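To start, the structure under review is shown below, and the notes come after it.
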Number of protein chains: 4
Amino acid sequence: MDFIRQELNRRRPGQSTLTTSRRESDEVQFLSGIYEGKTTGAPIGFIVRNEDHRPGDYEDIKDVFRPSHADFTYQMKYGVRDPRGGGSSSARETVTRCIAGAIAKLALHQKGVKIQAYTSQIGDIRLEGTYKAYDLSQTEANVVRCPDVEKAAAMEALINAVKVGGDSIGGVISCVIQGMPAGVGEPKFGKLHALLGTAMLSIPAAKGFDYGDGFDAPLYKGSEHNDEFFNDNGVINTRSNYSGGIQGGISNGQDIYFRVAFKATATLSREQQTVDRYGNETILKAKGRHDPCVVPRAVPVVEAMAAITILDQLLFQIHYHEFGKN
Amino acid sequence: MDFIRQELNRRRPGQSTLTTSRRESDEVQFLSGIYEGKTTGAPIGFIVRNEDHRPGDYEDIKDVFRPSHADFTYQMKYGVRDPRGGGSSSARETVTRCIAGAIAKLALHQKGVKIQAYTSQIGDIRLEGTYKAYDLSQTEANVVRCPDVEKAAAMEALINAVKVGGDSIGGVISCVIQGMPAGVGEPKFGKLHALLGTAMLSIPAAKGFDYGDGFDAPLYKGSEHNDEFFNDNGVINTRSNYSGGIQGGISNGQDIYFRVAFKATATLSREQQTVDRYGNETILKAKGRHDPCVVPRAVPVVEAMAAITILDQLLFQIHYHEFGKN
Amino acid sequence: MDFIRQELNRRRPGQSTLTTSRRESDEVQFLSGIYEGKTTGAPIGFIVRNEDHRPGDYEDIKDVFRPSHADFTYQMKYGVRDPRGGGSSSARETVTRCIAGAIAKLALHQKGVKIQAYTSQIGDIRLEGTYKAYDLSQTEANVVRCPDVEKAAAMEALINAVKVGGDSIGGVISCVIQGMPAGVGEPKFGKLHALLGTAMLSIPAAKGFDYGDGFDAPLYKGSEHNDEFFNDNGVINTRSNYSGGIQGGISNGQDIYFRVAFKATATLSREQQTVDRYGNETILKAKGRHDPCVVPRAVPVVEAMAAITILDQLLFQIHYHEFGKN
Amino acid sequence: MDFIRQELNRRRPGQSTLTTSRRESDEVQFLSGIYEGKTTGAPIGFIVRNEDHRPGDYEDIKDVFRPSHADFTYQMKYGVRDPRGGGSSSARETVTRCIAGAIAKLALHQKGVKIQAYTSQIGDIRLEGTYKAYDLSQTEANVVRCPDVEKAAAMEALINAVKVGGDSIGGVISCVIQGMPAGVGEPKFGKLHALLGTAMLSIPAAKGFDYGDGFDAPLYKGSEHNDEFFNDNGVINTRSNYSGGIQGGISNGQDIYFRVAFKATATLSREQQTVDRYGNETILKAKGRHDPCVVPRAVPVVEAMAAITILDQLLFQIHYHEFGKN
């Protein structure tokens with residue numbers, strides 16, 4: 001339970017001046033599935049109640065479509081829409097992902113699998129190289145969750161400047177999964193990287209996903225990019241890892257690493273042109289509280305979604321080992 | 001049937017000097033699900049037999065792990081492996097995706113939805129801007145399937161040079177979906193872009209996916225990046241489309257556009273260091289026939305996977321409209 | 001909301017002397033998915049809290065396996081077990097089914113589909129014939145929910161006698177679905193009767209399911225049993241309905257009717273021989289409160305599961321109609 | 001492969017005078033998923049071609065709805081219908097179930113699980129008692145697959161009499177699963193008996209399913225029906241097994257036994273009244289070849305569906321054991 005609380009605190013609003021001023025203690029009340037500190041196999045039910053919601057803040061936007069939010073698309077899909085707090089499109093739902101992720105991490109810990117994410121880009125300030133160039137133990141030492149101290153300071157300054165202008169900014173989160181056994185993932189339509197991709201792209205504001213050398217892969221020839229196998233004192237390892245730990249959709253035992261791109265928060269403190277649901281053009285000025293940059297708070301969400309995905313696949317893979325013995 | 005054959009020809013090997021020299025006519029034999037030219041609702045079964053397979057080509061690699069292929073990971077996952085033609089990890093399976101995609105396109109055509117993909121990068125040669133800057137009707141006019149004639153010629157030259165060196169190269173495919181109705185896609189874990197992402201990442205050699213301004217999104221502030229709504233003669237449209245036609249995971253009626261990154265083909269005509277399944281280090285020289293660049297042939301595969309994904313979601317969405325009437 | 005409450009009251013404990021003496025008001029608190037009295041398309045979250053639970057009642061059975069309960073099997077499956085109230089195997093979970101069923105019924109009502117279940121057997125007292133022989137509007141007029149007044153009285157007497165003996169008894173529930181459109185259900189592995197069957201067999205204490213003339217079907221020859229079609233003033237109807245409204249797994253527009261068998265409640269007020277988790281033989285005397293017969297309270301549960309199943313399939317079927325128009 | 005062929009022969013038409021006169025050798029051609037006699041983990045693709053089909057036999061029924069067949073319901077569902085051989089509603093699809101079942105049986109054999117089905121009723125001739133009263137090794141010794149020699153002879157005579165009259169008859173198949181480990185199955189919506197039920201109800205002509213004492217359960221009081229646990233030389237066993245080896249949806253290690261009711265074949269050799277798709281009343285006289293009773297040939301189908309279901313759940317259960325070790 002302490003571990004779950006600690007993970008939630010990493011996502012919680014109000015951690016620093018960089019994040020929304022909503023004050024939520026994010027207290028979890030477990031309803032089912034845990035008995036005497038152990039999961040029982042029953043569904044794990046829990047509630048995290050909103051404490052600092054101010055429905056009045058949303059009265060003005062009841063009939064207005066906020067640009068680049070889901071207001072218009074929900075209206076088109078369902079014909080009705082719950083405007084309170086952005087309704088079910090609110091990123092507040094990521095609190096539940098962190099709880100599930102914390103539980104998944106505890107199970108993965110038993111298997112020696114470790115997942116770490118960090119901010120690798122805010123605006124145009126970006127870290128060069130992969131996770132290997134950084135000491136990830138420094139990630140939580142600053143409010144932007146960037147393991148490079150100098151870049152972290154620059155990122156913080158950029159977010160603050162953007163906030164002063166009533167504006168917002170996006171970034172990139174990188175993540176590495178270490179201690180991964182080989183043989184996990186399914187071929188064709190359950191490829192491990194595709195499952196990680198769909199998990200990451202489900203996070204609000206995510207715009208892209210790549211793994212290994214990803215969008216840089218086209219720059220390399222096959223002879224440069226292929227990961228040669230060698231006998232590493234009895235273990236088959238690869239000399240390089242452009243593949244990002246996954247070949248043919250299945251883990252090869254090397255580190256899995258990937259990136260997720262996030263756009264700037266759609267909610268702004270400045271005026272914007274838009275229309276209401278009747279088609280009338282209008283001016284929107286957001287009164288809700290919001291993050292000028294969601295990236296630092298999304299770091300534990302990326303880890304959580306990775307943990308859930310990896311644990312699922314690890315459980316599936318157990319089948320083969322069991323029957324493979326015969 | 002003619003349309004299905006035409007789509008298969010776009011993916012077929014042996015189209016040009018850029019592709020593998022395997023000769024496959026890719027004749028489809030339908031077994032079920034079609035009666036008098038119409039689908040009956042029963043599963044559509046079909047076979048496309050290999051004609052030019054040479055199992056002898058694979059004898060040498062029976063126990064050897066080809067670098068950056070799925071040989072090692074399949075061995076680790078299943079404990080057994082079928083080496084013939086790369087077994088079930090062979091990209092030859094994409095022929096079935098093109099058949100399903102052709103059928104999906106026929107259904108989408110009824111709804112006015114049009115899907116077009118094109119090669120936007122080979123090696124370091126890339127198209128600037130989005131699909132709006134190009135005349136996509138020119139895509140099929142050259143062997144690399146790039147709508148920019150000059151860039152296409154440079155790409156073709158690069159692939160040929162790489163091929164002469166016994167090497168391979170990757171690239172990027174861009175795709176646009178036009179005529180899309182608003183309201184399609186599911187929130188949270190069935191977001192339309194996440195479903196497209198998992199579909200694209202399931203294609204062999206895919207390394208990354210982004211949509212809208214994707215990995216460039218972090219470079220823009222919210223005020224620059226938000227897509228303002230306006231009343232466009234009675235229709236609610238957006239002035240810009242950085243969102244790529246999807247907001248909160250649901251289509252907003254604007255064009256959907258996305259990119260897929262592909263690595264260089266792992267099979268090379270030159271020697272590579274590797275190990276066999278017993279851990280012995282060895283030299284591999286591929287004798288199988290292969291593509292120096294899969295990107296041109298992957299263009300119809302990207303379209304097919306997009307068509308399948310969009311049709312599925314369009315069918316789901318019909319529910320809401322039906323009940324929404326009441 | 002009133003309708004949901006009314007449906008819950010039909011399942012609620014403490015309705016009569018026939019049911020458990022637990023007092024639960026079964027107040028539902030909706031957490032999400034409903035706004036201004038309409039569903040929004042978001043998941044409908046709700047809580048029904050236990051009010052009259054007495055954990056002390058379960059202290060004695062913490063390590064004891066109650067005969068014909070799920071204590072032993074849960075222990076074998078999960079290695080841990082939550083003994084409070086029978087843990088997650090408690091039939092108390094059926095309260096959630098009634099809530100979902102009530103919402104499904106509201107949607108089905110829009111489509112003219114009506115679902116009615118009734119008690120057709122308790123012990124060896126059984127109703128002859130199908131639903132056609134009874135006035136189902138009388139079902140809720142007595143505590144056993146049997147539309148035959150005399151049989152209902154006999155059933156009530158039997159349950160009371162069994163209760164006095166510290167014992168329990170089972171029965172059969174019959175159900176009819178009227179106003180069903182033709183064409184609903186999927187062939188092969190999604191047959192409408194198979195989906196209804198799995199739904200019914202998921203109800204605690206269910207032992208069997210049949211539809212149409214079910215286990216009596218073998219007694220009829222094909223020439224007696226086949227349902228002839230005829231032109232009923234422009235509508236294609238069948239003269240008989242041994243098929244129970246489903247042919248080849250798909251509804252044919254006639255009434256769907258089926259039966260569900262229930263065993264006697266496993267919890268008894270008398271002593272029973274058993275073992276504890278360490279294998280020690282022991283005497284169990286239940287102190288928890290329980291129903292001498294679950295059948296009357298299971299009537300709304302059967303209806304709820306039928307409503308959920310039918311609505312799901314009705315939604316799937318809409319696809320075909322939409323595309324079939326072209 | 002020999003085992004698969006042997007299983008297919010049990011289902012094959014033309015085995016005796018009791019079955020359809022169609023001559024099908026049911027030769028299986030495997031296309032994928034097997035290499036050097038072992039499954040590779042890839043999907044197992046195969047074809048069994050029709051050899052003795054006579055499309056002309058179906059010309060007359062192209063527009064006619066055969067009573068109690070799926071012709072009318074398919075037409076209503078899909079708007080189109082493939083009349084050849086009954087299209088995709090033909091029971092010929094059960095050949096594929098037997099192949100999958102044979103493979104599942106081979107895997108179950110490794111785990112010591114044995115599945116045996118037998119004919120327990122034809123028309124009004126029925127076996128009393130459960131599988132325990134019979135020597136199941138005699139099942140395959142007669143053409144009706146009934147382990148009671150005298151009853152078998154009577155059943156055979158009944159089927160032949162019915163056949164002479166151009167009519168058909170139904171029956172019941174009973175099945176027992178022995179060697180089942182405890183702890184298999186999922187609570188609530190994946191109960192082992194519900195999964196078996198949906199599998200059985202997916203078989204063409206199935207009308208009902210029950211397990212343990214099933215539809216007889218209501219006749220017993222809880223004190224008679226509960227299965228007492230006792231310490232059987234260190235193993236926890238039950239003295240009786242009315243539960244049919246499943247408690248709370250999860251196997252308890254005792255034998256699982258269940259019944260499936262089948263109706264008479266809908267195809268008859270005598271005239272029947274019906275209508276065509278335009279609503280015209282007409283007389284149907286079937287020319288297709290058919291079984292006067294499907295029950296004997298359905299015995300291996302019941303076993304196959306049980307094997308597939310049990311293997312699936314056994315694989316799922318492995319998860320808990322793996323993590324439970326920690």
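Quick note on labels: first sequence line is chain A, next is B, and so on, each numbered from 1. As the structure is a computational prediction, the values presented were derived from the model and not from experiment.
Looking only at side-chain heavy atoms (C-beta outward), A/Leu201 and B/Phe209 come within less than 4.5 Å of each other. Here the side chains of B/Lys191 and A/Pro204 are in contact, with some heavy-atom distance below 4.5 Å. Contact annotation: the side chain of B/Leu268 approaches that of A/Ser223 to within less than 4.5 Å [non-hydrogen atoms, C-beta and beyond]. Looking at heavy atoms from C-beta onward, B/His69 lies out of side-chain contact with A/Gln247 at the 4.5 angstrom threshold.
For the pair B/Lys207 and A/Phe215, the NZ or CZ position fails the cation-pi test of under 6.0 Å to the six-membered ring centre and within 45 degrees of the ring normal.
Contact of A/Lys221 with chain B is made through backbone and side chain together, with heavy-atom distances under 4.5 Å. Only the backbone of A/Phe262 comes within less than 4.5 Å of a heavy atom of chain B; no side-chain atom from C-beta onward does. At a 4.5 Å heavy-atom cutoff, the contact between A/Ala206 and chain B is made by backbone atoms alone. Of the atoms belonging to A/Gln121, it is side-chain heavy atoms, and not backbone ones, that fall under 4.5 Å from chain B. For B/Thr274, the parts lying near chain A are the backbone and the side chain together; criterion is any non-hydrogen pair under 4.5 Å. At a 4.5 Å heavy-atom cutoff, B/Ile125 makes no contact with chain A through either its backbone or its side chain. Heavy atoms closer than 4.5 Å to chain B are found in the backbone of A/Asp276, but not in its side chain. For A/Glu228, the parts lying near chain B are the backbone and the side chain together; criterion is any non-hydrogen pair under 4.5 Å. Neither the backbone nor the side chain of A/Phe258 comes within less than 4.5 Å of any heavy atom in chain B. Contact of A/Ser251 with chain B is made through the backbone alone, with heavy-atom distances under 4.5 Å. Heavy-atom distances place both the backbone and the side chain of B/Asp213 under 4.5 Å from chain A. Residue contact with chain A, scored on non-hydrogen atoms closer than 4.5 Å, involves the backbone and the side chain of B/Phe65 alike.
A pairwise comparison of heavy atoms in B/Gly214 and A/Ala261 identifies O-CB, 3.9 Å as the closest pair. Scanning all heavy atoms of the two residues, the minimum distance from A/Val172 to B/Pro218 falls at CG2-CG, 3.9 Å. Considering all non-hydrogen atoms of both residues, A/Gly248 and B/Ala70 come closest at CA-CB, 3.8 Å. Here the shortest heavy-atom pairing between A/Pro67 and B/Phe229 reads CA-CE1, 3.9 Å. The minimum heavy-atom distance linking B/Leu219 with A/Arg126 is given by the pair CD2-NH2, 4.0 Å.
Using modelled atom types, no side-chain atom of B/Lys77 and backbone atom of A/Gln317 make a donor-acceptor pair closer than 3.5 Å. Of the possible polar contacts, none joining the A/Asn252 side chain to the B/Thr73 backbone as a donor-acceptor pair under 3.5 Å is found. Between the side chain of B/Glu281 and the main chain of A/Asn231, a donor-acceptor pair closer than 3.5 Å is present. Judged purely by atom type and a 3.5 angstrom limit, A/His225 has no side-chain atom pairing as donor or acceptor with the backbone of B/Ala264.
Atom CD1 of residue A/Ile236 and atom CE of residue B/Met76 lie 7.5 Å apart, to the nearest 0.5 angstrom. The structure places OG of A/Ser168 at 9.5 Å from CD of B/Glu224, a figure rounded to the nearest 0.5 Å.
For B/Thr198, the side-chain contact (heavy atoms from CB on, under 4.5 Å) test picks out A/Ala194, A/Thr198, with sequence neighbours left out. In this structure A/Ser240 satisfies the side chain to side chain donor-acceptor pair (under 3.5 Å) test together with A/Asp227, sequence neighbours excluded.
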